[in-house]
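Below: one structure, written as structure tokens.
By convention in this document, chain letters (A, B, ...) are assigned in the order of the sequence lines, proteins followed by strands, and residues within each chain are numbered from 1.
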Amino acid sequence: MGGEILQPPRGTRDFYPEDLRRRNWLFDHFRETARLFSFEEIDAPILEHAELFTRKAGEEIVEQLYHFELHDRHLALRPEMTPSVARMVMARAGGLRLPLRWFTVTQNWRYERMTRGRLREHYQWNMDVWGEPGVSAEAELIQAIFILLDRLGLPRGAVRIRVNSRALLEESLRRSVLASRPEAFAPLCIIIDKISKIGSDAVVGLLSDPAGTVALSRSEALEVVAMLDARNLDEAARLGGEGSQALADLRRLFDLIDAIGRADDLVFDASVVRGLAYYTGIVFEAFDARGLLRAVCGGGRYDRLLPTLGGKAVPAVGFGFGDVVIMELLADHGLTPEIRREIDDVVFGFSEEQRVAALALASRLREQGRSVQTVLGTPKLKKVLTDAGQDGARRVWILGPDELARGVATVRDLISGEQHEESLAT
RNA sequence: GUGGGUGUAGCUCAGUUGGCAGAGCACCGGAUUGUGGCUCCGGGGGUCGUGGGUUCAAUCCCCAUCACUCACCCCA
């Protein structure tokens, strides 16, 4: 059976019941964490006009778009959720009370080569705050990430968050190598995002490539890379100089995170800029403290996204948190949950003679809100009990000729093994 | 794109210096005419990824091909 058709396309996944229970377990934690912060859930189509995503900054996420033309429309599967949320905010910009706290749990697509932790489709939890320019929004989002990690069972310190400010870097560059062409800042960030993966020499090469998007001189590129070495706020202060708003924001953010007792898990890292073009201020990413896996999640402030889409500026900050890397990380920590199926009642009539009574009983139980499985066909009681146990049922209602004659059902509790009779009369 | 590893039962895998294909789990039946989770006994199930070559004989050796997977390259 040449099984190509049996497999889902490369980079995509099937979710059998046990897989979906585990996925829902994760999503439930996403949603419950969002609820703890009073965020509202929204959704949007998985398909959008391709123009919503196409930007000219050399981002891989745009190059890896799943897209096609149909009836003169250029459509794309969303590679990330932020543009769709931005579109929804923009469409009702006049009528929304700010600040908004919205979250999503969505499937996203990107066409790329697979490696551990990277698939072509994945699910992502997004939390965004719209309309708040201050870092209290960032602090709330970072706190939510920490709370989620706690809820999933990860020990403190297993995941930390690196934080930086593109604004700080931009202030500095505008006074130096980008003084005459500030528009090169976004493509520059795209390149230096790669520094931990390809090394500083390669980044210098890309920044100083005369045919590239930034085209600095070699000495300028070296100067930029040197700025990325800062690993604490005092070193960062040399970049921003006194009176820097970006530096003040960073300091304030650390104070706020310190107030919730998680300062040890937040680290400044000037080389973190994230790979999306639209970030403007604070950027952050959660990472595996062992350094073995890709970023667990990432986000930042994107105050100028709406204007680039043709709307009025609304300050915004958010993060995306994927399902793949976190499950890998939990697996590495031995924290992958086994989620059992749960059924309240199994109702079994021995033969067609008891079918009507069995269905009536099942209906009554369902009206009480219980999860009820009626046994299909007329298998032997032994198989019914075996299956019920396997399926995680709490009890089995047995309706045989004896019971029916007396107007009762035998109720077997599968956990205790005890049995008793209950009247079938309502 | 480069290199490595792996494709054998539904699942996880063993195996043969080339000689009719195995285990555990799962499934089905029985011990238990209407009582599961333990135990015992029995059973069904595989063109050994695909195509070609060598050979009396190939799951095993050779070539090709496809798929999966890891690393690199590349990067949300």
Side-chain angles (χ1 to χ4, degrees), chain A residues 1-13 16 18 53 57-66 78-82 108-124 126 189-199 202-203 206 272-279 283 285-287 292-300 319-325 328 340 346 348-351 353-354 375 378-404 409-420:
Chain A
M1 277 149 278
E4 200 164 312
I5 202 172
L6 293 181
Q7 292 166 340
R10 185 198 299 258
T12 67
R13 296 167 289 173
Y16 285 89
E18 60 274 24
F53 304 118
E59 295 170 289
E60 196 187 48
I61 200 168
V62 172
E63 292 155 9
Q64 296 175 337
L65 213 53
Y66 269 95
R78 60 181 171 221
E80 55 153 341
M81 198 57 191
T82 301
N108 300 322
W109 294 81
R110 58 186 173 206
Y111 189 83
E112 65 182 338
R113 199 170 299 285
M114 283 179 60
T115 59
R116 186 181 188 195
R118 308 193 82 199
L119 304 176
R120 289 178 178 177
E121 57 84 20
H122 71 137
Y123 289 83
Q124 200 173 64
N126 271 250
C189 286
I190 304 301
I191 291 173
I192 63 182
D193 175 53
K194 304 173 184 177
I195 194 161
S196 67
K197 299 140 191 165
I198 63 178
V203 165
L206 288 172
V272 170
V273 296
R274 304 300 300 157
L276 294 172
Y278 50 66
Y279 288 129
V283 285
E285 63 188 22
F287 64 100
L292 298 180
L293 298 174
R294 304 172 50 75
V296 170
C297 77
F319 67 80
F321 191 117
D323 67 316
V324 180
V325 174
E328 295 268 6
R340 298 262 307 159
V346 168
F348 174 54
F350 269 74
S351 70
E353 310 298 316
Q354 292 85 37
V375 175
T378 52
K380 294 181 176 177
L381 178 59
K382 179 187 172 76
K383 177 170 171 53
V384 170
L385 292 171
T386 304
D387 287 351
Q390 290 289 322
D391 289 346
R394 299 275 303 281
R395 54 192 84 76
V396 177
W397 298 65
I398 300 166
L399 285 169
D402 300 348
E403 284 85 357
L404 217 52
T410 296
V411 183
R412 181 175 180 84
D413 185 311
L414 291 181
I415 294 157
S416 67
E418 290 167 4
Q419 292 190 181
H420 68 279

- request: Show your working on side chain to side chain contact (heavy atoms under 4.5 Å, CB included) between A:E80 and A:R110 and close with a plain yes or no.
  value: CA-CA 9 Å; A:E80 55 153 341; A:R110 58 186 173 206; over 6 Å; no
- prompt: Could you give the OH-to-P distance, from A:Y279 to B:rA76, as a whole number of Å?
  reply: 11 Å
query: What heavy-atom pair brings A:P79 and A:L65 nearest, and what distance separates the two atoms?
result: CG-CD1, 3.5 Å
query: A:Y123 and A:R13: which non-hydrogen atoms are nearest, and at how many Å?
result: CD1-NH2, 3.8 Å
field: Non-hydrogen atoms of A:V346 and A:V384 that approach each other most closely
entry: CG1-CG1, 4.3 Å
query: What are the two closest heavy atoms between A:V324 and A:R118, and how far apart are they?
result: CG1-N, 4.5 Å
- prompt: So with a 6.0 Å cut-off around CZ of A:R394, is the heavy-atom count from everything else above 12?
  reply: no
- request: Please state the P separation for the pair B:rU12 and B:rG49 - nearest whole angstrom.
  value: 15 Å
query: Distance between the C1' atoms of B:rA31 and B:rG45, in whole angstroms?
result: 24 Å
query: How long is the line joining NE2 of A:H122 and C1' of B:rA76, in whole Å?
result: 7 Å
- request: Could you give the distance separating B:rC70 and B:rC13 at their P atoms, to the nearest angstrom?
  value: 14 Å
- prompt: Taking the C1' atom of each, how far is B:rG18 from B:rC11, in whole Å?
  reply: 29 Å
query: Considering Watson-Crick and G-U wobble pairs with both distances under 3.5 Å, what does B:rC56 pair with?
result: B:rG19
query: In whole angstroms, how far is the P atom of B:rA76 from the CG atom of A:D323?
result: 19 Å
- request: Nearest-nucleotide wise, let me know which of A:G322 and A:G11 is further upstream toward the 5' end of RNA chain B.
  value: A:G11
- prompt: Counting any heavy atom closer than 4.0 Å, what does A:R274 reach on the DNA or RNA strands: base, sugar-phosphate only, or nothing?
  reply: base
message: Rounding to an integer number of Å, can you tell me how far A:D391 CG sits from B:rA26 C1'?
response: 14 Å
message: Taking atom types as they are modelled, would you say the side chain of A:R294 forms a donor-acceptor pair with the base of B:rA76 within the 3.5 Å cutoff?
response: no
Integer-rounded Å distance: B:rA71 P and A:L292 CG: 11 Å
message: Rounded to whole Å, please give me the gap between CZ in A:R118 and P in B:rC72.
response: 12 Å
message: Please confirm whether the shortest side-chain N or O distance from A:R10 to OP1 or OP2 of B:rC68 is below 4.0 Å.
response: yes
message: Applying the Watson-Crick and G-U wobble criteria at under 3.5 Å, what pairs with B:rG46? Answer none if nothing qualifies.
response: none
- request: Determine the Euclidean distance between corresponding C1' atoms of B:rU65 and B:rC56; express it in Å to zero decimal places.
  value: 28 Å
task: Please test A:T410 against A:E403 for side-chain hydrogen bond (donor to acceptor under 3.5 Å, both in side chains), starting from the C-alpha separation and ending with a verdict.
output: CA-CA 7 Å; A:T410 296; A:E403 284 85 357; 2.7 Å; yes
- prompt: Considering only the P atoms, how many Å lie between B:rG46 and B:rC40, rounded to the nearest integer?
  reply: 27 Å
- prompt: So do the side chains of A:F350 and A:L381 get within less than 4.5 Å of each other, counting heavy atoms only?
  reply: yes
query: If you measure from the C1' atom in B:rC73 to the same atom in B:rG3, how many Å do you get, rounded?
result: 11 Å
query: How many Å lie between CD1 on A:I191 and P on B:rA76, as a whole number?
result: 11 Å
- request: Between B:rG24 and B:rG1, how far apart are the C1' atoms? Round to whole Å, please.
  value: 41 Å
Watson-Crick or G-U wobble mate for B:rA67, both contacts under 3.5 Å: B:rU6
query: Closest approach of A:Q124 and A:G322, non-hydrogen atoms and distance?
result: CG-N, 4.0 Å
- request: Using a 4.0 Å heavy-atom cut-off, write out nucleotides 34-43 of chain B from 5' to 3' as B (base contacted by protein), S (sugar-phosphate only) or - (no contact).
  value: BBBB------
task: Please give the nucleotide sitting opposite B:rC40 as a Watson-Crick or G-U wobble pair, both distances under 3.5 Å, or none.
output: B:rG30
message: Measure CD/A:E18 against C1'/B:rG10 and give the value in whole Å, please.
response: 12 Å
query: Counting only Watson-Crick or G-U wobble pairs whose two distances fall under 3.5 Å, which nucleotide matches B:rG1?
result: B:rC72
